[in-house]
Structure formats: structure tokens, C-alpha cells
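Before any comments, here is the structure.
In what follows, chains are A, B, ... by sequence order, proteins preceding strands, each numbered from 1. In what follows, every heavy atom counts, from backbone to side chain, and hydrogens, waters and symmetry copies are set aside.
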There are 2 protein chains.
Amino acid sequence: MKYKKSAGQNAKERILDVSEKLFAEGSFASVSVRTVTSAANVNLSAVNYYFGSKKGLFQAVYVRRATLMNHERLGLLQKAVGKAQQEGRAVSVRELINAMLTPPIFWLYEEEKGLSGYIRFLARAYLEAASDMENVLSQEVDVFDKFVPYFQEVNPSLTVEDIYWRIHFIMGVMHHTINHLDRIGLLSHTACSVETREQTRDRMVAFCCEGF
Amino acid sequence: MKYKKSAGQNAKERILDVSEKLFAEGSFASVSVRTVTSAANVNLSAVNYYFGSKKGLFQAVYVRRATLMNHERLGLLQKAVGKAQQEGRAVSVRELINAMLTPPIFWLYEEEKGLSGYIRFLARAYLEAASDMENVLSQEVDVFDKFVPYFQEVNPSLTVEDIYWRIHFIMGVMHHTINHLDRIGLLSHTACSVETREQTRDRMVAFCCEGF
DNA sequence: CTGCTTTCTAAACGTATGTTTTAAACGATA
DNA sequence: TATCGTTTAAAACATACGTTTAGAAAGCAG
């Protein structure tokens with residue numbers, strides 16, 4: 001029941017790869033279907049054939065890696081939970097924030113597999129018209145919800161409100177770093193370099209831990 | 001030497017007001033000249049007449065309030081510096097971060113004068129194509145440079161690199177709050193409300209102070 | 001009023017947009 | 001080989017875009 005042609009199923013993947021990168025660098029409206037299709041070396045109508053519409057393509061780009069992304073975060077969370085239980089203690093703030101930030105930041109440095117593009121795409125998707133992309137955000141929100149009880153456990157004096165505000169700030173640190181990592185040198189007059197992914201992650205985690 | 005007509009100079013201001021609001025809610029490419037002109041009740045060609053081009057309009061929106069914005073920040077900085085000198089001490093981290101964050105956050109809550117729109121516009125301008133808008137960012141970068149020596153004075157163990165990274169994170173907290181303040185209730189499942197401008201500012205300052 | 005500059009209007013220009021249509025090329029199956 | 005569903009291709013569609021043009025309307029100076 002499988003049908004293939006010259007590029008076959010690759011065409012669909014190639015469109016996703018290319019538009020992921022393009023949507024990461026520009027807004028939804030600024031990236032045209034023609035730019036996508038010519039960069040992917042497919043016919044103009046391929047986008048509408050495979051994804052129905054431009055918006056459909058955008059959502060498909062999101063969906064492709066969304067589950068994997070949040071899977072990694074929850075994996076790190078459960079790993080930390082297991083380790084803490086074994087040692088008979090509560091999960092630390094550092095471990096929690098580490099689980100939230102490590103996947104996106106490591107992906108950000110993973111140019112080869114295209115993961116970097118996806119992360120930057122995600123950060124931009126947050127700013128597209130809320131009405132279109134609310135479902136885009138809902139999944140990430142659900143993941144962060146799972147962290148809340150642990151934050152509460154490790155610091156019972158905090159209200160739920162306090163915790164959500166701090167998660168909000170952590171997301172800010174994360175998104176801004178994703179969006180402007182390449183401009184950090186310009187901001188600092190070349191005082192800051194891009195460093196390794198671990199160094200960047202550690203800087204962020206340290207900053208956010210203290211904030212908590 | 002002044003010439004006026006029906007609406008006269010108001011037309012130009014009205015275009016700026018309207019496009020400030022529209023550019024705050026959507027990307028540069030997603031806001032059309034026709035949307036702007038019809039919302040401002042002016043002729044289609046008014047944008048090109050007054051600002052030369054759509055991009056010219058965008059930059060004019062930025063320029064109109066840019067100096068005032070950074071003036072307020074530097075004013076707060078110098079006020080804090082003066083008070084500290086009088087008391088024979090160094091400027092505190094809290095005072096510095098307060099001077100950085102109070103103007104934009106207070107403006108964010110100032111719906112009437114349109115300042116809220118400008119702040120949201122600014123946060124979005126950071127994400128427009130770097131080549132077009134680098135000059136947009138340069139001024140804000142210059143302002144933050146002025147804060148660096150004071151951060152160094154209050155905490156001499158920090159390197160310049162450390163400081164710039166933390167300023168970068170503070171900008172992240174700020175931009176994210178500006179972009180998503182209206183969604184904080186959704187993120188937290190209505191656990192968080194929008195609060196007053198002072199409460200929001202204090203939450204941000206507290207988080208960023210600890211991060212430093 | 002007469003000149004002159006500024007402001008506003010309506011229409012058109014050329015191009016770029018997302019999408020649809022029509023048909024050809026292809027791979028697997030029978 | 002003939003057939004069927006899938007994929008690719010080229011062209012056209014209708015609309016939306018930023019910008020330009022030509023001229024009318026309006027305000028000021030003499």
C-alpha cells in the first residue's frame with residue numbers, strides 16, 4: 001500500500017525541514033509558500049497537497065517534534081524524582097529547573113539534526129496570533145503543570161501563584177536566550193561568547209535557581 | 001510656515017498611534033498598510049506620504065518614544081546613584097534592576113496614553129529581521145551599558161561577561177512579561193491574576209535580584 | 001484675489017500572495 | 001500489460017500587497 005516516487009516521502013519531510021528553519025528566522029506572514037517550496041526543491045502546490053494550507057504546514061512543523069521535546073523534559077523530571085526518592089529527599093529546585101531548561105538549550109545547539117531550528121521555531125510560535133496558535137502552547141503548559149507539585153514540595157511556603165509567576169520568568173529567560181543567543185556577543189560588545197551548551201545551560205539554571 | 005487641514009498634523013500622529021498598536025499585536029509583515037490607514041481613517045497613500053515607506057513608518061513608531069523611554073531609565077539610575085552617594089554607599093542591585101524594569105513595566109500598564117502599545121511594540125521589534133532593525137536595538141543596548149559599571153561596583157567578583165549574561169536574562173524576564181502578561185492567567189489556570197503594575201514590577205525585580 | 005506650498009483623495013500600477021485546477025508521471029498490484 | 005491510487009508538474013485564479021501618480025482641496029502670504 002506504499003507508493004513512492006523520485007523523492008517520495010522525502011518531499012514532505014524536506015518541506016518540514018525547510019519551513020522549520022524559515023519559520024525560525026521570520027514570522028509566519030513573512031515566510032511565503034513560494035520561499036518554502038523553492039528552498040525545498042518541490043513544486044509550489046506541494047504545501048497545499050500535503051498540509052492543506054500554509055497554516056496547516058505551520059502546525060505540522062510544530063506537531064512533528066512537540067511530543068519528543070516534552071518527553072525529554074518529563075524524562076529528566078522522572079529521573080530526578082527517582083534519584084531523590086532513592087536518597088530519601090525532595091527533588092531540588094536545581095534539578096527541576098535543569099529538567100525544564102536542558103532539553104531546549106541542548107537542542108538549540110544541535111544544528112545538524114535540525115533541532116536548533118525547531119527550538120527557535122517554537123520560541124517564535126509563542127508570538128504568533130494567539131487565536132491561531134493557542135493549541136501550540138497548550139502542550140508546553142501541560143508539561144510545566146507537572147512541575148508545580150514538586151516546586152511546592154521543596155518550598156512549601158510558596159503559593160501556587162508564586163510558583164506560576166516564577167515558571168513564567170523562567171520561560172522568559174529561556175525564550176530570550178533562544179531568540180537572541182546569536183546576538184549576545186553584540187549586546188556585550190564581544191565580552192560574551194556563545195560558549196558550549198553546558199555553559200549556557202548552567203548560566204541559565206543558576207540565574208533561575210536563585211530567582212526561586 | 002504651518003499648514004493645516006481638516007485633521008492636519010493629527011493625521012500623522014493618528015497613523016503612528018494606530019500602527020503602534022497594530023505592530024504591537026502582530027509582526028511587521030502581518031500588518032498591512034491598508035489595515036493601518038483604514039484604522040486611522042486616513043487615505044491609503046498617507047503612509048507613503050508621511051513616512052516614505054512601510055519600513056519608514058515602523059522606524060518612526062520606534063523613534064517617537066525611544067528617547068523618552070530610555071530617559072526615564074537613566075533618570076531612575078541617576079536618582080539612585082545620587083541617593084547612594086548621599087548615604088555614602090554603593091548603589092544596590094535592587095536599585096539598578098528597579099531602574100531597568102520600572103519604566104517599561106509601568107508603561108505596559110498605561111493603556112490610555114498608548115504607552116502600553118509602544119512597550120509591546122518594542123518587545124516585538126526585537127524579533128524582526130536583524131538587518132532591518134539593528135539600529136532599533138542599539139539605543140537600548142547603549143542604555144544598559146551604563147548600568148554595567150554599577151553592577152561591577154556592587155559586586156566586584158563578577159566579570160563583565162557575568163554581568164552581561166545576567167542583563168541578558170533580565171531582558172528575557174522583561175520581554176516575556178511584556179509579550180505574555182495577558183496570558184499569565186491562562187498559563188496558571190487562573191491561579192495568577194494580572195495584579196497592579198507595582199506588584200508585577202516587584203515580582204520581576206525580586207526574581208532578577210536573586211538571580212544576580 | 002493671486003500665487004504657492006502643503007495636505008488629502010482616488011485610481012491605477014506592478015508584483016507577490018495563498019490556493020485551485022488540470023493533467024501528466026509514477027509505483028505497486030492484478 | 002492494464003489499472004488504480006499516489007505524487008509531481010505547470011498554469012491559472014483571485015485577491016492582497018506596497019507604492020506611485022495625477023489632481024483636487026485647503027491654508028497661508030503677498
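- We find that A/Arg197 and A/Glu110 are joined by a salt bridge, their nearest charged nitrogen and carboxylate oxygen being less than 4.0 Å apart.
- In this structure, B/Ile15 atom CD1 and C/dT9 atom P are separated by 10 Å, rounded to whole Å.
- The interatomic distance linking A/Asn10 (CG) with C/dG27 (P) rounds to 14 Å, in whole Å.
- Residues passing the side chain to side chain contact (heavy atoms under 4.5 Å, CB included) test with A/Thr196, sequence neighbours excluded: A/Glu198, A/Gln199.
- A/Phe169 pairs by the ring-ring contact (aromatic ring centres under 6.0 Å, His included) definition with A/Trp165, B/Phe207, not counting sequence neighbours.
- Contacts of B/Arg64 classified as salt bridge (charged side-chain N to carboxylate O under 4.0 Å, His left out), with partners at least two apart in sequence or in another chain: B/Glu13, B/Asp17, B/Glu20.
- Side-chain atoms of A/Tyr50 lie closest to D/dT7 of the nucleotides C/dT7, C/dT9, D/dT7.
- When ring centroids are compared, A/His180 and B/His168 stay outside the 6.0 Å threshold.
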Table please: side-chain donor-acceptor pairs of residues 40-49 of chain B below 3.5 Å, with sequence neighbours left out.
residue : atom : partner : partner atom : Å
B/Asn43 : OD1  : B/Ser45 : N            : 3.1
B/Asn43 : OD1  : B/Ser45 : OG           : 2.8

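- Residues from residues 32-40 of chain A that place a heavy atom under 4.0 Å from any atom of DNA chain C, listed by number: A/Ser32, A/Val33, A/Arg34.
- When the nucleotides C/dT20, D/dT20, C/dC8 are ranked by their closest atom to the side chain of A/Ser45, C/dT20 comes out on top.
- Nearest-nucleotide positions on DNA chain C place B/Asn41 closer to the 5' end than the other of A/Val47 and B/Asn41.
- If you measure from atom CG of A/Asn48 to atom C1' of D/dA11, you get 15 Å, rounded to the nearest angstrom.
- Going from atom NZ of A/Lys55 over to atom C1' of C/dT19 covers 14 Å, rounded to whole Å.
- A/Phe51 has its CZ atom 16 Å from the P atom of C/dT20, to the nearest Å.
- Mapping A/Ala29 and B/Val42 onto DNA chain C via the closest heavy atom, the residue that lands nearer the 5' end is B/Val42.
- Rounded to an integer number of Å, the gap from OH of B/Tyr49 to C1' of D/dG18 is 19 Å.
- If you take CZ of B/Arg14 and C1' of C/dT7, they are 12 Å apart, rounded to a whole angstrom.
- The separation between A/Leu44 atom CG and C/dT22 atom P is 17 Å, rounded to whole Å.
- Residues meeting the ring-ring contact (aromatic ring centres under 6.0 Å, His included) test with B/Phe151, sequence neighbours left out: B/Phe212.
- In this structure, A/Ser53 reaches the sugar-phosphate backbone alone: every heavy-atom distance under 4.0 Å involves primed, P, OP1 or OP2 atoms, never a base.
- The phosphate of C/dC8 has neither OP1 nor OP2 within less than 4.0 Å of any side-chain N or O from B/Asn43.
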